**Q** 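Input: one structure, supplied below.
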Protein chains: 2
Amino acid sequence: MWYNVSSITDKEVINMSSNAEIIGSMLLKENIKPSYARIRIMEYLMSRKSHPTVDEIYTALVKEIPTLSKTTVYNTLNLFVKSNIARVLTIEENETRYDADMSCHGHFKCESCGVVRDFCFRSPAIDTNDLDGFLVREKNVYYYGLCPECQANKPAN
Amino acid sequence: MWYNVSSITDKEVINMSSNAEIIGSMLLKENIKPSYARIRIMEYLMSRKSHPTVDEIYTALVKEIPTLSKTTVYNTLNLFVKSNIARVLTIEENETRYDADMSCHGHFKCESCGVVRDFCFRSPAIDTNDLDGFLVREKNVYYYGLCPECQANKPAN
DNA sequence: ATTAAAATTGTAATCAATACAGTTTATGTG
DNA sequence: CACATAAACTGTATTGATTACAATTTTAAT
């Protein structure tokens with residue numbers, strides 16, 4: 001099958017190919033067959049700091065992959081999560097976001113404009129003896145508040 | 001309107017009355033009219049460490065308040081959250097849980113049995129200069145893993 | 001080329017949450 | 001007490017994210 005690459009420069013093709021290879025071998029390491037859809041979904045996830053929703057991923061990729069199905073996006077993301085190469089963010093109350101950055105970091109969400117921003121924290125900083133004997137696999141830290149821009153725009157809420 | 005209190009002892013009536021008064025004045029402080037339903041929902045929320053879902057609250061309370069509507073439970077909880085006397089826990093992927101404990105603590109969820117357990121952490125421990133200029137209103141910390149019991153029951157995953 | 005397994009697709013179903021209009025309850029006034 | 005107004009509550013319909021599932025397409029191997 002062929003995809004429209006008419007608007008892509010040679011350099012971008014090289015980069016894409018390079019990305020695809022890197023992502024492909026990452027998937028193979030997890031025993032995930034690196035299909036075109038899977039590579040593109042992971043590539044999209046890795047290239048966005050916005051931690052996209054299923055709908056955002058689908059809407060963006062279906063323009064270039066007209067046969068893409070939203071079910072495939074769901075299936076693929078669930079597969080990534082099970083393989084620990086992506087994580088679920090429950091920072092929204094109604095919609096799931098996904099993050100391919102598995103390093104230790106938290107997420108700040110502005111309650112006014114909705115932007116989500118990463119922040120670093122020292123992983124053992126939260127540790128507590130309340131969880132002696134518990135095996136902790138994943139730590140999710142969500143902050144909610146106002147970003148600097150929204151504080152400036154509406155000082156007297 | 002009358003409610004069935006036949007199975008409640010005098011001591012429990014006194015305690016209930018006491019709880020109701022305490023919760024009632026708490027609600028009044030937030031300009032929330034302390035209706036019977038609101039008091040009972042807050043009382044249920046405060047008495048459970050399990051951080052119940054809407055369905056759990058409704059199912060438990062409708063036995064004693066036959067006219068209760070699930071919409072009222074939704075409305076009441078949203079009202080509590082807006083008034084900052086309860087918080088939303090997005091620790092489940094599909095269902096919202098609620099917590100009336102507004103003190104600084106995190107939530108551990110066992111991925112095997114599903115139990116949710118509170119744990120303390122020092123609030124400023126996570127702080128980072130990545131969020132200079134950001135106004136943080138709420139911090140939610142979720143851990144996922146295995147509780148001691150489930151580790152014992154299934155040592156080899 | 002043939003076949004089996006895996007991946008993908010599209011539609012239908014599920015279910016938490018909300019919208020909304022109608023009803024009941026609470027509160028205040030004459 | 002009667003009445004009026006606002007608030008709270010109820011029940012049903014709707015929304016929308018997610019999953020279930022059967023059918024189709026693609027991939028990989030012989």
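Note that the coordinates shown come from a computational prediction; the quantities given were computed from them, not determined experimentally. Residue numbers begin at 1 in each chain, while the letters A, B, ... track the order of the sequences. The analysis underlying the following values was restricted to heavy atoms, covering all of them including side chains, and did not include hydrogens, waters or symmetry mates.
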**Q** Atom CG of A/L68 and atom P of C/dA7: how far apart are they, to the nearest Å?
**A**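 Taking atom P of C/dA7 as the reference, CG of A/L68 is at 16 Å.
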
**Q** Measuring from the side chain of B/R38 (C-beta onward, heavy atoms only), which nucleotide among C/dA7, D/dT10, D/dC9 has the closest atom?
**A** D/dC9

**Q** Kindly write out the residues that satisfy salt bridge (Lys or Arg N to Asp or Glu O under 4.0 Å) with B/R97, not counting sequence neighbours, or none if the list is empty.
**A** B/E56, B/E92

**Q** Rounded to whole angstroms, how far apart are CD on B/E95 and P on C/dT14?
**A** 17 Å

**Q** Tell me the interatomic distance from B/I57, atom CD1, to C/dA16, atom P, rounded to whole angstroms.
**A** 14 Å

**Q** Counting only side-chain nitrogens and oxygens, does A/Y74 get under 4.0 Å of the OP1 or OP2 atom of D/dT19?
**A** no

**Q** For the pair A/S112 (side chain) and A/L146 (backbone), establish whether a donor and an acceptor sit closer than 3.5 Å, ignoring hydrogens and angles.
**A**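 No; judged by distance alone, with no hydrogens or angles, the pair does not exist.
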
**Q** What is the distance from CZ of A/F80 to C1' of C/dA7, rounded to the nearest Å?
**A**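 In whole Å, C/dA7 C1' and A/F80 CZ are 13 Å from each other.
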
**Q** Counting only N and O atoms by type, is there a donor-acceptor contact under 3.5 Å from the side chain of A/Y142 to the main-chain atoms of A/K109?
**A**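 Answer holds: no.
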
**Q** Report yes if the side chains of B/H105 and A/D130 come closer than 4.5 Å at any heavy-atom pair, otherwise no.
**A** no

**Q** Mapping B/Y58 and B/E93 to their closest nucleotides on DNA chain D, which lands nearer the 5' end?
**A**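 First, find each residue's nearest nucleotide; the 5'-ward one identifies B/Y58.
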
**Q** What is the distance, rounded to the nearest whole Å, between atom CD1 of B/I41 and atom C1' of D/dC9?
**A** 10 Å

**Q** Distance check needed: D/dA20 C1' versus A/K70 NZ, whole Å only.
**A**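 Checked: the NZ to C1' distance equals 17 Å.
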
**Q** Return no unless some side-chain N or O of A/T72 is found under 4.0 Å from OP1 or OP2 of C/dT9.
**A** yes

**Q** Check the distance between D/dT18's C1' and A/L79's CG and give it to me in whole angstrom.
**A** 17 Å

**Q** So does A/T67 get a side-chain nitrogen or oxygen closer than 4.0 Å to the phosphate oxygens (OP1/OP2) of C/dT9?
**A** yes

**Q** Mind calculating the distance between CG (B/L77) and C1' (C/dT18) to the nearest angstrom?
**A** 14 Å

**Q** Among C/dC20, C/dG10, D/dT19, which is the nearest nucleotide to the side chain of A/N78?
**A** D/dT19

**Q** Answer with base, sugar-phosphate or nothing: what part of the nucleic acid does B/T96 contact at a heavy-atom distance below 4.0 Å?
**A** sugar-phosphate

**Q** Quick one: does any side-chain atom of A/E138 pair with a main-chain N or O of B/Y144 as donor and acceptor, under 3.5 Å?
**A** no

**Q** Applying a 4.0 Å non-hydrogen cut-off, can you work out what B/S35 is touching in the nucleic acid: base, sugar-phosphate, or nothing?
**A**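 Touches sugar-phosphate only.
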
**Q** Would you say C/dA17 has OP1 or OP2 under 4.0 Å from some side-chain N or O of B/N94?
**A**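 Answer no for this pair, as no side-chain N or O of B/N94 is under 4.0 Å from OP1 or OP2.
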
**Q** Quick one: is C/dT18 close enough that its OP1 or OP2 comes under 4.0 Å of any side-chain N or O from B/N75?
**A** no

**Q** Could you go over nucleotides 28-30 of chain D and give all protein N or O partners under 3.5 Å, atom names and distances?
**A**
none

**Q** Any donor and acceptor pair, going by atom type alone, linking the side chain of A/S83 with main-chain N or O of A/I85 inside 3.5 Å?
**A**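 Here the side-chain-to-backbone pair does not exist.
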
**Q** Tell me the closest heavy-atom pair linking A/P66 and A/E64, and the distance in Å.
**A** CD-O, 3.4 Å

**Q** Counting any heavy atom closer than 4.0 Å, what does A/D55 reach on the DNA or RNA strands: base, sugar-phosphate only, or nothing?
**A** nothing

